[in-house]
Amino acid sequence: MGWWRKAGSAVVLTGMLVMASVGVAVAQSGTAPAVAVITKFQGTLLSVMRHAKTLGLSGRYRQLAPAVRKSHNLAFIAEVTLGPYWSGLTATQRAEFEKVFTRLTIATYASEFDGYSAGQAFHVTGSRVLGNGDVLVATELVSAKGGQASLDYLLAPSGGNWQIVNIVANGVSDLALKRAQYTAIVRAHGFPVLVKKLRAMVAQLMVSHKAA
Amino acid sequence: MPKDVLRAIAVLMILVLPGCATMNDQQTNGTYDPLQPMNRAFYHFNSEANRWVMTPVSNAYMAVTPRPVRGSLTNFFDNVSYPNVILNDFLQGRVVQGASDIGRFVVNSTLGMLGFFDVAGRLGLKSHTEDAGLTLARWGVPRGPYLVLPFIGPDTMRNTPDIALSVFTNVLYYVGNPIVTVPLSIISVINTRANATNEIEYVRRNAVDPYVFTRDAYLQHRNYLIHGKHLGLSSVEKLMLPPGMPVPAPAKPRTDPPLKLPRPWPGRAAIRRPPVPGE
């Protein structure tokens with residue numbers, strides 16, 4: 001009787017392990033297209049970092065612009081950053097905001113990723129499908145000296161592709177930070193002031209690096 | 001600072017703390033900033049102090065100290081303050097991590113020559129981040145209001161006991177000779193400021209509203225540390241599904257065209273969401 005019990009337990013345990021591994025495989029295959037988007041984008045970013053000095057800021061901007069536009073759902077991100085104020089904007093204002101927001105996003109990438117240290121690399125450390133169908137891809141930027149920064153990407157389907165809708169660096173959400181700032185400015189000073197500030201920021205990002 | 005004063009501060013912090021416990025859950029999550037006018041004033045004060053005093057001092061310090069020297073000084077100051085991490089490990093019941101951190105402290109204090117060299121790190125005894133604020137959070141104490149303290153910067157009511165605790169648990173506190181401790185404390189402050197240069201510059205370049213940027217980044221990062229550097233998926237999903245987002249306060253007089261009243265959030269599905277590729 002004891003033998004049968006042990007055999008039965010082994011069968012049940014094996015079945016559970018097989019089902020669990022199948023589940024993991026299914027989950028990973030479900031995230032593969034989203035992971036590919038991140039891998040490709042980070043490849044472009046690393047290439048730009050490696051040639052940062054020769055490219056210069058405008059060269060980095062030009063190289064990153066198509067990659068950022070393709071991998072990020074900038075229209076959606078722009079909409080979320082304005083929270084409830086988005087619905088009060090005219091079509092012209094929305095287009096104006098999307099335009100300046102897109103330029104700011106690319107300029108920020110171009111100005112911040114302005115160099116490369118030997119050994120720096122991006123690694124995908126995990127991925128999973130969230131409850132609402134979006135995919136979270138966890139990555140880290142490591143350096144040869146052992147330092148690392150965690151970069152988690154949230155991707156959602158859009159236009160037949162997976163696109164980034166939020167980036168969380170060391171637990172800090174880029175989308176949440178932008179939404180908090182933008183809504184605070186619109187609330188206190190109005191939409192035109194926000195757009196004016198964002199335009200000035202883009203100009204400042206480009207000028208300060210040109211000067212450097 | 002005299003020991004009696006520090007003890008008085010510690011007692012004050014402990015007395016203040018129960019006040020935090022009365023905060024409700026809504027106040028402990030998200031951005032609870034009822035002291036914003038005072039915080040903004042202190043933020044402005046800190047920014048000006050940084051601009052006119054700390055930045056020139058920090059630049060001069062970086063000019064005269066090679067990077068490896070600054071790295072060793074950072075290791076040293078981290079090591080003398082490490083008993084605070086060990087104490088909080090055990091207060092949280094993290095016995096294994098506490099044992100590892102004791103090993104790290106002993107190895108770096110001896111083989112690492114008072115901590116100037118991180119020998120323990122190379123032996124696999126990794127550094128951890130723990131403090132009284134994280135301990136209280138894991139004990140379930142609510143966060144309380146966000147604070148900006150003069151000369152210290154962003155903080156929360158729940159973290160304030162750590163200001164005193166980190167003094168008492170610092171090895172330098174027990175050296176007792178001001179000729180040694182005062183210059184070291186000054187160097188520690190300058191070294192900390194120098195190490196934060198990149199972050200300060202990042203905020204200057206990228207923040208539209210530096211106060212809001214600093215506050216939200218600080219609170220989010222603390223939340224991340226409380227959860228053991230694990231990104232809470234529910235919080236991510238919450239960010240992307242903001243039906244509970246508070247309606248902004250009535251708008252002040254403004255120069256832009258009047259905004260319509262915010263309509264209910266339509267939900268992710270309603271916004272440009274075509275079928276999932278491959279489905």
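Every chain is numbered from 1 and lettered A, B, ... according to where its sequence line falls, protein lines coming before strand lines.
Under a cut-off of 6.0 angstrom, the local environment of CZ in A:Arg50 is crowded, with over 12 non-hydrogen atoms contributed by other residues, nucleotides or ligands. Other residues, nucleotides and ligands contribute more than 12 heavy atoms inside 6.0 Å of the NE2 atom of A:His123. Counting non-hydrogen atoms of other residues, nucleotides and ligands closer than 6.0 Å to CZ of B:Arg193 gives a total above 12. Around atom CE of B:Met113, no more than 12 heavy atoms belonging to other residues, nucleotides or ligands sit under 6.0 Å away. For CZ of A:Phe113, the number of neighbouring non-hydrogen atoms (other residues, nucleotides, ligands) closer than 6.0 Å is greater than 12.
Residue A:Ala184 touches chain B through its side chain alone, counting heavy-atom pairs closer than 4.5 Å. If you measure heavy-atom distances from A:Ser150 to chain B, the contacts under 4.5 Å come from the side chain alone. Contact of A:Leu104 with chain B is not made at all, since no heavy-atom distance falls under 4.5 Å.
The shortest non-hydrogen separation linking A:Val172 to B:Ala217 is CG2-O, 3.6 Å.
Most heavy-atom pairs under 4.5 Å with chain A, from the set B:Leu225, B:Val212, B:Val208: that is B:Val208.
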- Step by step, work out the side-chain hydrogen bond (donor to acceptor under 3.5 Å, both in side chains) result for B:Asp216 and A:Gln181. CA-CA 9 Å; B:Asp216 283 45; A:Gln181 294 177 86; over 6 Å; no
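To the nearest 0.5 Å, atom CG of residue B:Leu219 and atom CG of residue A:Leu177 are 10.5 Å apart. Note: A:Asn170 CG to B:Gln220 CD = 11.5 Å, rounded to the nearest 0.5 Å. Atom-to-atom distance recorded for B:Tyr224:OH and A:Ser173:OG is 13.0 Å, nearest 0.5 angstrom.
B:Asn206 has its side chain within reach of A:Glu112: a pair of non-hydrogen atoms, C-beta onward, lies under 4.5 Å apart.
Between the side chain of B:His221 and the backbone N or O of A:Gly171, no donor-acceptor pair lies under 3.5 Å.
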